[in-house]
Amino acid sequence: MANNHNQSDNLHAMRHSLAHILATALTRLYPGIKLGVGPVVEKGFYYDVDIAGQQLSEDDFGRIQAEMQKIIDENQSFERFTMSIDKAIAWAGQNNQPYKEELLNDLRRAGTTVAKELNKDEMGTFAVGDGKVEEVSFYRNGDFTDLCRGPHVESTGKVGAFRLIRVSGAYWRGKEGNPQMQRVYGVGFATDKELRQYLAMLEEAKKRDHRKLGQELDLFVFSDLVGSGLPLFTPRGTVLREEVMRYSNELRQRFGFQKVSIPHITKQELYEKSGHWAKFGGELFLVKSQETSDRFVIKPMSCPHHTQIFASQARSYRDLPIRYLETTAVYRDEKTGELGGLSRVRSITQDDSHAFCRQDQIEGEINNLLAAATQLYQSVGMQLRVRLSYRDSSDAYLGSPELWVSAQQQLKAAVEANNLDYFEEEGEAAFYGPKIDFMATDALGREHQVATVQLDFVMPQRFELSYTNEQGSAQSPIMVHCALLGSIERFLSVYIEHTAGKFPVWVAPEQIRLITVNQEEKTISFAQVIAEKAFDLGLRVHVDNNNESVGKKIRNAELMKVPYSIVIGEKEIETGEVVPRVRKDIEVNPNHEARTVEEFLKTVANEAKSRVNKTSL
RNA sequence: GCCGUCGUAGCUCAGUGGUAGAGCACUUCCAUGGUAAGGAAGGGGUCUCGGGUUCAAAUCCCGACGACGGCUCCA
């Protein structure tokens, strides 16, 4: 354990040192360069620099890496020393390093506040201990000196394996108004092998990119005429959407959620009342009537609409919880630069549910939703981890403190009851209530934010929702918001990459492909009979009777990642038995053999129903 | 919105100032093929759009739009 700790500390120092070496190399190659900050990030490091008038590109990486390697080969020792902050400011001035100078000035003025701000943004090169900042540390290697907190390894020869991976623009200190610098990213590992593994993972990720697979597997498209961030789903992609949505719904319908339906637009007052208008008005799409002077807003979320269904009747404590479920599109006018594939779109389909419950029902509701989320992510083969997001002691939260304490306890109890891997964080709650955020790890080890369960003490009050309690007085319900998939689009972007497009039978757009060996009438009609039987069992099947070679048709089925293909010819017609070709990732019975068409279809239908990714064939 | 890169046929991409190309896909014909590409012929492009430079622009310059990598943002 201690050893592990040392290793990760050492890796951190290596990456820090690499950032320093990158700065050394850039300073040698581009005299007059102005340095920003160079922190360690996940898997590596970056350095923000300002090279007046010069634009770095990946073509420059060769030279820069060669220069870094030279410095590493020189094995210069890193020498740490400190300076008073005033001297350091003078040093920055003399060395024409205005960004460092600005940071130092801020550090002197605001001390740990600035240090904290920098830490938070992973820019914490200069962070120092508690209290007032009086001196700062420098590192020197050869004739290069840089202001840096460290730690560093003892010499430039001990930094392990590295690679520069990209360069991009980044605002100085992450603030939109500030000048933009060039951020050079690198990755660093203790050994060559780990570096190679990481680069291989990046390669694999590129191959699985959902945008690439989306096109290859004919799942979704974009059209310039429709607009950016507005994906159009093809028949195959629509099957994916509907299957995951159906599952997400079923998992909650089991717990008493009922489907509701709402329009896509609403009067603006709805959001003025909910409070969203003031906060997010700029991101809402507006719709103007050409008949009247009415103005509408396209919904950016469904909760306010749902409150109005709850509010339509007088409710008793006996009626609660009342649970609504709806998978519907919401629209948010994201800035264009933020859009990307399906991960970030402007038409977002949410599998949203809202339970209205009493205070003492919170734990039960959370319990159900956690069980649903656990089952869903288990089915898709992703590891789940949750963050319990609590309030902190500030007064930025609405609702009574006792309610918060009780709610947070109930959240935690439910998370523990479901054996979920969790961590707690104060200050991460929404102002309207604590929440549980779910992170799923995909097949490449990347973590994605997916489901969310949120308690809401505020919206019911804003909409004056109430139920009558045992004493006959009006009481405000608590709303439990939940999305299991999050947004269907984002979920699919993750899921497509997780599976590399090899979807299990239950979601596969095409489950069975029947490949005719020739164009003869009896071959085609035999295939069609099988197709009809499959359809009756609810299976998605396609007959490929194209006038192509069998080899070609097999290849096409493989390229489309169809789970089962069956060649139909003389033999099958005579025996009524088939030997399915099973997609390679699907676990298959070692002594699998020919079976009747009916047996085969029944088996596949069962696999689809039980949502497994193995076959008993 | 900001910085950068890119935009050629349905797809993947060649083509750097002188009449627009390949493979796959598509259509037709031949072949009736047994588990990852049978053969031949044919159709298909205002080179994203708009301006400019030039005798001449896919190619050089400016602008718009779109995609991508980041930054900022993400109820």
Side-chain angles (χ1 to χ4, degrees), chain A residues 46 48 50 54-59 121 123 165-185 206 209 211-212 215-216 218 221-229 271 274-284 299-304 330 332-341 343-346 348 350 352 430-433 435 449 452 454 456 458-459 481 483 486-487 490 513 515-520 523 545-560 564-572 578-584:
Chain A
Y46 67 76
D48 282 351
D50 178 355
Q54 267 200 77
Q55 183 59 48
L56 291 176
S57 82
E58 294 193 11
D59 300 337
D121 302 336
M123 295 168 73
I165 53 167
R166 65 176 156 257
V167 56
S168 72
Y171 296 110
W172 168 234
R173 296 175 79 178
K175 297 216 177 66
E176 223 167 333
N178 282 345
Q180 210 150 28
M181 310 187 69
Q182 300 190 58
R183 177 168 297 178
V184 182
Y185 283 91
K206 220 185 256 176
D209 188 315
R211 291 166 297 208
K212 184 167 174 278
Q215 187 172 61
E216 287 171 5
D218 188 23
V221 294
F222 288 92
S223 157
D224 284 359
L225 278 176
V226 174
S228 65
Y271 299 124
S274 70
H276 292 108
W277 182 259
K279 217 169 167 192
F280 303 108
E283 278 180 53
L284 305 193
K299 69 176 184 316
M301 54 186 18
S302 17
C303 3
V330 300
R332 297 175 187 177
D333 195 3
E334 310 277 2
K335 295 178 189 170
T336 55
E338 291 161 352
L339 302 170
S343 343
R344 197 71 187 272
V345 292
R346 295 196 287 182
I348 307 157
Q350 292 180 326
D352 212 358
F431 70 92
Y432 49 79
K435 56 181 184 173
Q449 158 82 49
T452 174
Q454 308 188 356
D456 187 344
V458 173
M459 210 182 294
H481 305 250
S487 103
R490 178 178 298 196
R513 184 171 292 193
I515 294 169
T516 58
V517 112
N518 54 36
Q519 258 49 57
E520 281 165 33
T523 317
N545 58 12
N546 281 331
N547 196 357
E548 294 285 353
S549 69
V550 173
K552 177 82 161 271
K553 292 200 272 190
I554 295 275
R555 178 179 145 84
N556 287 340
E558 289 282 345
L559 289 175
M560 293 310 278
Y564 299 107
S565 334
I566 299 178
V567 177
I568 304 291
E570 226 23 75
K571 213 166 57 193
E572 287 73 21
V578 293
V579 186
R581 186 184 164 100
V582 182
R583 202 180 57 205
K584 293 196 183 61

C47(B) versus A20(B) - spacing of their C1' atoms, nearest Å: 8 Å
The side chain of V567(A) lies closest to which of these nucleotides: A75(B), G66(B), G34(B)? G34(B)
Taking the same atom, P, in A9(B) and in U46(B), what whole-Å distance lies between them? 10 Å
Interatomic distance where CZ belongs to R183(A) and P belongs to C2(B) [whole Å]: 19 Å
For F222(A) and G341(A), which heavy atoms make the closest approach, and how far apart are they? CZ-O, 3.5 Å
Among the nucleotides A75(B), A36(B), G70(B), which one has an atom lying closest to any side-chain atom of M301(A)? A75(B)
Rounding to 0.5 Å, atoms CD1 (I348(A)) and OG (S487(A)) come to a distance of 6.5 Å
Atom CZ of R173(A) and atom P of U72(B): how far apart are they, to the nearest Å? 13 Å
If you measure from the C1' atom in U35(B) to the same atom in U16(B), how many Å do you get, rounded? 47 Å
Look at the rings of H276(A) and Y271(A) and say which category their plane angle falls in: under 30° parallel, 30 to 60° tilted, over 60° perpendicular. perpendicular
CD (Q350(A)) and NE2 (H481(A)) are apart, to the nearest 0.5 Å, by 11.0 Å
Let me know, please, whether M181(A) or K553(A) comes out on the 5' side of the other along RNA chain B by nearest nucleotide. M181(A)
What is the distance from CG of N546(A) to P of U35(B), rounded to the nearest Å? 19 Å
When you compare C61(B) with G17(B), how far apart are their C1' atoms, in angstrom units rounded to a whole number? 14 Å
Pairwise P distance for U28(B) and G44(B), with rounding to whole Å: 16 Å
According to salt bridge (Lys or Arg N to Asp or Glu O under 4.0 Å), who are the partners of R332(A), at least two apart in sequence or on a separate chain? none
Kindly point out which of G34(B), C73(B), C3(B) is positioned nearest to the side chain of Q180(A)? C3(B)
What is the minimum heavy-atom distance between D352(A) and S302(A), and which atoms define it? OD2-OG, 3.3 Å
In whole Å, what separates the P atom of G42(B) from that of G23(B)? 12 Å
Which nucleotide in the set A36(B), G34(B), C71(B) lies at the smallest distance from any side-chain heavy atom of V517(A)? G34(B)
Taking only the side-chain heavy atoms of H276(A) (C-beta and beyond), determine which of C74(B), A75(B), G70(B) contains the nearest atom. A75(B)
Does U12(B) have its OP1 or OP2 closer than 4.0 Å to a side-chain nitrogen or oxygen of Q215(A)? yes
Of the listed nucleotides U12(B), G38(B), U72(B), the one nearest the side chain of K552(A): G38(B)
Can you tell which of G34(B), C2(B), C73(B) lies closest to the side chain of Y171(A)? C2(B)
Could you tell me whether F222(A) contacts a base, only the sugar-phosphate backbone, or nothing, with contacts defined as non-hydrogen atoms closer than 4.0 Å? nothing
With a 3.5 Å cut-off and just heavy-atom distances, do the side chain of R344(A) and the base of C74(B) make a donor-acceptor pair? yes
Nucleotide nearest E570(A) (side chain, heavy atoms from C-beta), chosen from A75(B), G34(B), A36(B): G34(B)
Side chain of L559(A) only, please: which of A75(B), G69(B), A36(B) is the nearest? A36(B)
Ranking E558(A) and G229(A) by the position along RNA chain B of their nearest nucleotide, the one closer to 5' is E558(A)
Within the pair Y185(A) and C71(B), is there a side-chain N or O less than 4.0 Å away from OP1 or OP2? yes
For atom P, what is the distance between U54(B) and G1(B), given to the nearest Å? 34 Å
Between G50(B) and A57(B), how many Å separate the two P atoms, rounded to a whole number? 14 Å
Considering every strand and a 4.0 Å limit on heavy-atom distances, what is the contact class for G551(A): base, sugar-phosphate, or nothing? sugar-phosphate
For atom CG of D48(A) and atom C1' of U72(B), their distance in whole Å: 13 Å
Closest to side chain of E283(A), choosing from A75(B), C74(B), G34(B): A75(B)
Could you state the CG-C1' distance from L339(A) to G1(B), rounded to the nearest angstrom? 12 Å
What is the distance, to the nearest angstrom, from the CD atom on E216(A) to the P atom on C13(B)? 11 Å
Hey, does the side chain of K435(A) reach the backbone of A430(A) with a donor-acceptor pair shorter than 3.5 angstrom? no
When you measure from the side chain of Q519(A) to the backbone N and O of N545(A), does any donor-acceptor pair fall under 3.5 Å? yes
Pick base, sugar-phosphate or nothing for N556(A), based on heavy-atom distances below 4.0 Å to the nucleic acid. nothing
Look at R581(A) and A36(B) and indicate whether a side-chain polar atom (N or O) is within less than 4.0 Å of OP1 or OP2. yes
Counting only N and O atoms by type, is there a donor-acceptor contact under 3.5 Å from the side chain of R346(A) to the main-chain atoms of E334(A)? no
d(CG, D333(A); P, A75(B)) in whole Å: 16 Å
With respect to the phosphate group of G38(B), does any side-chain polar atom (N or O) of S549(A) fall under 4.0 Å of OP1 or OP2? yes
Taking all non-hydrogen atoms of both residues into account, name the closest pair between I515(A) and A557(A) and its distance. CD1-CB, 4.3 Å
Range-with-range stems of RNA chain B (Watson-Crick or G-U pairs under 3.5 Å, three or more in a row): B:1-7 with B:65-71, B:10-13 with B:21-24, B:26-30 with B:38-42, B:48-52 with B:60-64
I566(A) has an atom CD1; how far is it from atom P of A36(B), in whole Å? 16 Å
How is Q449(A) classified with respect to the nucleic acid when contacts are heavy atoms under 4.0 Å: base, sugar-phosphate, or nothing? nothing
Phosphate OP1/OP2 of G69(B): any R211(A) side-chain N/O under 4.0 Å: yes
Taking side chain to side chain contact (heavy atoms under 4.5 Å, CB included) as the test, write out the residues that go with T523(A), two or more places apart. T516(A), N518(A), E520(A), I568(A), I573(A)
